[in-house]
Amino acid sequence: MTMQRTIGNVILEVTEGDITKQHDIDAVVNAANAELRTGGGVAGAIHRAAGPGLAEECKSLAPIRPGDAVITSGHGLPNSHVIHCLGPVFGVDTPSDELLASCYQQALDLAERNQLGSVAFPALSTGAFGYPLPEAAQIALATVIQAAEGLRSVRRVRFVLFGREAMEAHRQELERLLPET
């Protein structure tokens, strides 16, 4: 099930799926670690799908700090770019809410600077970094909705969520922030 809203010229989508199989999206966002290395979860899936060239390109860009984002090419992915964001570890990196919002904002800024038309996000920081899903969904969607009015090249933002719990948290938050009229 995909849920969709339009904000100005931007289509915002929430769907359950595999971030590495977004063939119609220009850039996918990687829930990266500070060293931009292959890891578990989203980072592992993206690195496996992209191939070894991605790890090689990432070496010169690391390390990054919580809240920061960098961009690389997509390598073996069906996307032209990967935007790597280091989300906060919940309860460790503070202020967690501002750092998480910064990830989404910086990713959108990089997409704009590179004149990309579409971006797909996972639920950053909600896996191994322990960010509670309802709060993470609220920060993610509120940040993207606020940024949408200023986007010039980005016309589609998709949240590609792993599992029913993540999908439901984002669906409920999108409904709360932008009720269907």
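Keep in mind that this is a model prediction, so the values were computed, not measured.
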Checklist entry - Do side-chain atoms of Asn79 reach the backbone of Gly74 as a donor and acceptor pair under 3.5 angstrom? => result no
Checklist entry - Below 4.5 Å, heavy atoms only, C-beta onward: do Phe90 and Pro132 meet side chain to side chain? => result yes
Next on the checklist: Set out, in order, the CA-CA distance, both residues' side-chain angles and the distance that settles side-chain contact (heavy atoms from CB on, under 4.5 Å) for His84 and Val82, then state yes or no.
Outcome noted: CA-CA 6 Å; His84 308 264; Val82 177; 3.4 Å; yes
Item to check | Test log, rule side-chain contact (heavy atoms from CB on, under 4.5 Å), inputs Gln4 and Ile11 | outcome: CA-CA 7 Å; Gln4 184 174 297; Ile11 296 169; 3.5 Å; yes
Next on the checklist: Nearest 0.5 angstrom please: Glu13 CD to Ser118 OG, how far?
Outcome noted: 9.5 Å
Item to check | 4.5 Å side-chain heavy-atom contact, Thr15 and Met3 | outcome: no
Item to check | Residue pair Ile83 / Val70, side-chain heavy-atom distance below 4.5 Å | outcome: no
Next on the checklist: For Ala69, is there any backbone N or O sitting under 3.5 Å from a side-chain donor or acceptor partner on Gln106?
Outcome noted: yes
Item to check | Step-by-step salt bridge (Lys or Arg N to Asp or Glu O under 4.0 Å) determination, Arg171 to Glu16 | outcome: CA-CA 10 Å; Arg171 188 198 64 74; Glu16 193 175 345; over 6 Å; no
Checklist entry - Heavy-atom distance under 4.5 Å between the side chains of Gln172 and Arg176, does that happen here? => result no
Next on the checklist: Has Asp93 got a side-chain atom pairing as donor or acceptor with Val89's backbone, closer than 3.5 angstrom?
Outcome noted: yes
Checklist entry - Say you draw a straight line from CG of Leu61 to CD of Glu35; how long is it, rounded to the nearest 0.5 Å? => result 11.5 Å
Checklist entry - Do Arg5 and Glu180 have side chains that get closer than 4.5 Å, going by heavy atoms? => result yes
Item to check | CA sep, side-chain torsions, deciding dist, call: Arg158, Asp24, salt bridge (Lys or Arg N to Asp or Glu O under 4.0 Å) | outcome: CA-CA 11 Å; Arg158 180 179 297 156; Asp24 60 336; 2.8 Å; yes
Next on the checklist: Can you tell me how far apart CG (Leu141) and CD (Glu175) are? Round to the nearest 0.5 Å.
Outcome noted: 11.5 Å
Item to check | pair Ile7-Leu12: side-chain heavy atoms closer than 4.5 Å | outcome: yes
Next on the checklist: Filter on ring-ring contact (aromatic ring centres under 6.0 Å, His included), then keep only pairs touching residues 19-72, sequence neighbours left out; what's left?
Outcome noted: none
Item to check | Qualifying side-chain hydrogen bond (donor to acceptor under 3.5 Å, both in side chains) pairs with a residue from residues 129-153, counting only residues at least two apart or across chains | outcome: Glu112-Ser153
Next on the checklist: Consider side-chain contact (heavy atoms from CB on, under 4.5 Å). Of Asp18, Ile19, Ile25, which one does Lys21 pass it with?
Outcome noted: Asp18
Item to check | Within-4.5 Å side-chain heavy-atom neighbours: Leu54 and Thr72 | outcome: yes
Next on the checklist: Any non-hydrogen side-chain atom of Pro66 less than 4.5 Å from a side-chain atom of Asp68?
Outcome noted: no
Next on the checklist: With clusters defined by side-chain heavy atoms of hydrophobic residues (ILVMFWY) lying less than 4.5 Å apart, directly or transitively, does Phe159 cluster with Leu108?
Outcome noted: yes
Checklist entry - So, the side chain of Asp26 versus the backbone of Leu116: is there a donor-acceptor pair under 3.5 Å, distance only? => result no
Checklist entry - Any idea which heavy atoms bring Val29 and Ile46 closest together, and the distance? => result O-CD1, 3.7 Å
Next on the checklist: Between Phe121 and Tyr104 (judged by ring centroids, cut-off 6.0 Å), do the two rings come close enough to count as a pair?
Outcome noted: yes
Next on the checklist: Could you tell me if Ser73 and His81 have a donor-acceptor pair between their side chains, going purely by distance under 3.5 Å?
Outcome noted: no
Next on the checklist: I'd like to know if Leu174 and Val154 are part of one continuous hydrophobic network [Ile/Leu/Val/Met/Phe/Trp/Tyr, side-chain heavy atoms within less than 4.5 Å].
Outcome noted: yes
